[in-house]
Amino acid sequence: AGLQTITFEGTSPTIQNFSGGATVSNSMNFVVSSSSILDMGTSSVTGGGSFTTNNLSELRLGSLDSDGPLQTTGLGGNIQVSGTQTYSSGTHIVFNGGSSQSIGSDYPSNTGINLIIENANNVSLVGDVIIGGDLTLSSGNLIVGTNQLTLQGSITPNANFIDVGPASDIVIYGTSAFGTFPFTGAETLNNFTFDRSSQTVDFEADITINGELALTNGSLDFSGQTLTLTGTKSGSGSLLANSSSTLTITGSGALGTVQFGVSGNTLGTLNLNRTGSGSVTSGSSLNIGTALNLTNGDFNNTGQTLTMIN
C-alpha cells in the first residue's frame with residue numbers, strides 16, 4: 001500500500017495551526033491545499049513522506065533554526081520530511097518567528113513563490129537566496145550580509161528595508177515594474193545587477209558599488225543622489241540622473257562604458273579619480289550643471305557630446 005496523506009484545508013480566516021513545538025511524524029505525505037493557510041509555529045513535520053503546497057496556499061514558518069525553516073536535507077526547520085518537498089507557483093511563504101530568523105539557500109527558488117516577512121526581529125540570509133515571486137516586508141527587514149539576494153518579482157517594503165553590506169550582491173531580473181530599492185539609507189555593497197528590459201530601479205539614497213554594476217537591461221535612476229562606482233560597469237542599460245545627482249568614479253583601471261538615458265542625461269557633478277591607467281568611456285550625450293572634476297584617469301568622450309550647462 002502507498003503512503004497515507006494528511007491534507008491541510010481551510011481558507012481565510014480559518015487557519016490550520018501546529019502549536020506547542022509538536023512534531024508530526026511517520027511515513028506519510030503532507031499537502032497544503034489551494035487557498036489554505038497552515039501555520040507551523042515552531043513545530044515540524046517529519047518522516048519518510050513528502051510535503052507539498054498548492055497554488056494560493058499560505059505556509060507560515062516560525063522555526064528559529066540557524067539554517068532556516070526550510071531545509072532540503074530534512075534535518076532541521078519546520079519541514080523535516082525525507083521525501084520530496086514541492087512548493088507550487090502561487091504559494092505564499094511567511095516568516096513569522098518570535099525572534100530573529102534565518103533564510104538559507106534551500107529556500108525554494110521556483111518562479112511565482114512569494115515571500116512575506118512578518119518578523120519585527122528581522123530575517124537574515126545565511127546563504128544565497130533566490131526569491132522567484134514577490135517580496136513583501138510586512139514587518140522587519142531582510143538582511144543580506146555576505147550573500148547574494150536574487151529578486152524576480154516586485155517588492156512591497158511597507159517602510160521596512162533590505163539591509164546590505166560591503167560583501168552583499170543584489171541581482172534583479174524579470175519583466176515587471178520594480179520601483180525603488182528599499183535601502184536602509186546610504187549603503188555600500190559589492191555587486192549590483194539589473195536585468196529588466198524597459199524597466200527602472202530607483203535609488204533614493206547615496207549608494208556605493210565596489211564591485212560590478214551590471215545594467216544588462218533597463219535603467220538605474222539615481223536622481224537627487226550620489227552614486228559611487230569603484231569597480232566596473234557592464235551592460236547596455238542606462239543611468240538616469242538630474243541636476244542634483246553626483247556620479248563619483250574611483251578605483252583603478254578601466255571602468256567600462258557609462259551611458260545615460262535621453263530623459264535623464266543631466267548630472268550636477270561628475271568626479272573622476274581613477275588611478276592605474278584609469279578610464280571611463282561615455283556612451284551617450286551628457287549635460288553637467290555644476291562641476292566636472294577630473295582628478296585622475298581619462299574620460300573618453302569620442303563620438304559623444306559633453307555640455308557644461310552652468
Side-chain angles (χ1 to χ4, degrees), residues 125 128-130 141-151 155 157 161-174 178-196 199-242 244-261 264-265 267-284 286 293 295-300:
L125 272 66
D128 296 343
V129 172
I130 298 173
N141 303 329
L142 185 61
I143 302 172
V144 180
T146 60
N147 306 288
Q148 177 173 292
L149 174 64
T150 300
L151 303 169
I155 293 183
F161 306 102
I162 294 179
D163 189 349
V164 300
S168 300
D169 295 335
I170 300 294
V171 177
I172 302 170
Y173 70 101
F178 188 82
T180 300
F181 193 94
F183 291 109
T184 59
E187 295 273 13
T188 298
L189 66 156
N190 186 29
N191 300 310
F192 187 91
T193 299
F194 189 69
D195 187 4
R196 290 200 182 186
Q199 302 299 336
T200 300
V201 58
D202 298 319
F203 285 3
E204 295 186 354
D206 296 341
I207 301 299
T208 297
I209 301 174
N210 284 333
E212 181 183 21
L213 171 59
L215 293 180
T216 308
N217 287 290
S219 301
L220 190 163
D221 190 336
F222 66 107
S223 296
Q225 311 299 329
T226 295
L227 176 63
T228 301
L229 305 177
T230 72
T232 58
K233 158 68 174 61
S234 65
S236 59
S238 300
L239 294 174
L240 300 175
N242 63 15
S244 298
S245 302
T246 297
L247 177 61
T248 297
I249 300 171
T250 61
S252 62
L255 176 81
T257 299
V258 174
Q259 57 269 7
F260 286 81
N265 65 341
L267 274 175
T269 301
L270 173 61
N271 300 312
L272 177 61
N273 188 7
R274 192 94 173 168
T275 61
S277 301
S279 67
V280 58
T281 299
S282 176
S284 64
L286 178 62
N293 300 313
T295 305
N296 286 294
D298 296 327
F299 182 77
N300 302 319

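When a residue number appears, it is its place in the shown sequence, counting from 1. The structure displayed is predicted, hence computed values, not measured ones.
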Contacts of Asp169 that satisfy side chain to side chain donor-acceptor pair (under 3.5 Å) - sequence neighbours left out
Asn190, Asn191
Can you name the residues that form a side-chain contact (heavy atoms from CB on, under 4.5 Å) with Asn147, not counting sequence neighbours?
Leu125, Asp128
Gap between atom CG of Leu151 and atom CG of Leu149 - 0.5 Å precision
4.0 Å
Quiz: residues 250-258 side-chain donor-acceptor pairs under 3.5 angstrom, not counting sequence neighbours:
none

Is Val144 close to Leu189 at the side-chain level, that is, under 4.5 Å between some pair of heavy atoms?
no
Check against side-chain contact (heavy atoms from CB on, under 4.5 Å), Leu213 and Leu220:
CA-CA 10 Å; Leu213 171 59; Leu220 190 163; 3.9 Å; yes
Where the side chain of Asp298 meets the backbone of Asn300, is there a donor-acceptor pair that is under 3.5 Å apart?
no
Phe178 versus Ile155: any side-chain heavy-atom pair under 4.5 Å?
yes
Under the side-chain contact (heavy atoms from CB on, under 4.5 Å) rule, collect the residues that match up with Thr216, sequence neighbours excluded.
Thr193, Asp195, Ala214
Would you confirm whether Ser168, through its side chain, and Gly145, through its main-chain N or O, come within 3.5 Å as a donor-acceptor pair?
yes
Among residues at least two apart in sequence or on other chains, which ones pass side-chain contact (heavy atoms from CB on, under 4.5 Å) with Ser238?
Ser219, Gln259
For Phe299 and Leu272, which heavy atoms make the closest approach, and how far apart are they?
N-CD2, 3.9 Å
Give me the one residue out of Thr246, Thr226, Ile249 that meets side chain to side chain contact (heavy atoms under 4.5 Å, CB included) with Asn271.
Thr246
Do the non-hydrogen side-chain atoms of Gln148 and Val171 ever get within less than 4.5 Å of each other?
yes
Working to the nearest 0.5 Å, report the span between CZ of Arg274 and OG1 of Thr230.
7.0 Å
Atom pair CG/OG of Leu267 and Ser223 - distance to nearest 0.5 Å:
9.5 Å
Are the side chains of Leu227 and Leu239 in contact, using a 4.5 Å heavy-atom criterion?
yes
Approximate separation, where rounding is to 0.5 Å, of Asn217 CG and Tyr173 OH
14.5 Å
Between Thr295 and Asn293, does any side-chain donor sit less than 3.5 Å from a side-chain acceptor?
no
Going by the rule side chain to side chain donor-acceptor pair (under 3.5 Å), which residues pair with Glu187 if we only count those two or more places apart in sequence or in a different chain?
Thr184
Taking Asn141 for its side chain and Ile143 for its backbone only, find out whether a donor-acceptor pair lies under 3.5 Å.
no
Quick one: side chain to side chain donor-acceptor pair (under 3.5 Å) partners of Ser284, sequence neighbours excluded?
none
By ring-ring contact (aromatic ring centres under 6.0 Å, His included), which residues pair with Phe203, not counting sequence neighbours?
Phe183, Phe192
With side chains defined as the heavy atoms from C-beta onward, is the minimum distance between Leu142 and Val129 less than 4.5 Å?
no
Between CD of Gln225 and CD1 of Ile207, what distance do you get to the nearest 0.5 Å?
8.0 Å
List in chain and number order the residues that pass side chain to side chain donor-acceptor pair (under 3.5 Å) with Asp206, two or more places apart in sequence or in another chain; answer none if no residue qualifies.
none
Once ring pair (Phe, Tyr, Trp, His ring centres under 6.0 Å) is applied, what residue pairs with a partner in residues 204-226 remain, sequence neighbours excluded?
none
What pairs with Thr180 under side-chain contact (heavy atoms from CB on, under 4.5 Å), at least two apart in sequence or on another chain?
Asp202, Glu204
Any idea which heavy atoms bring Gly224 and Ser245 closest together, and the distance?
N-OG, 3.1 Å
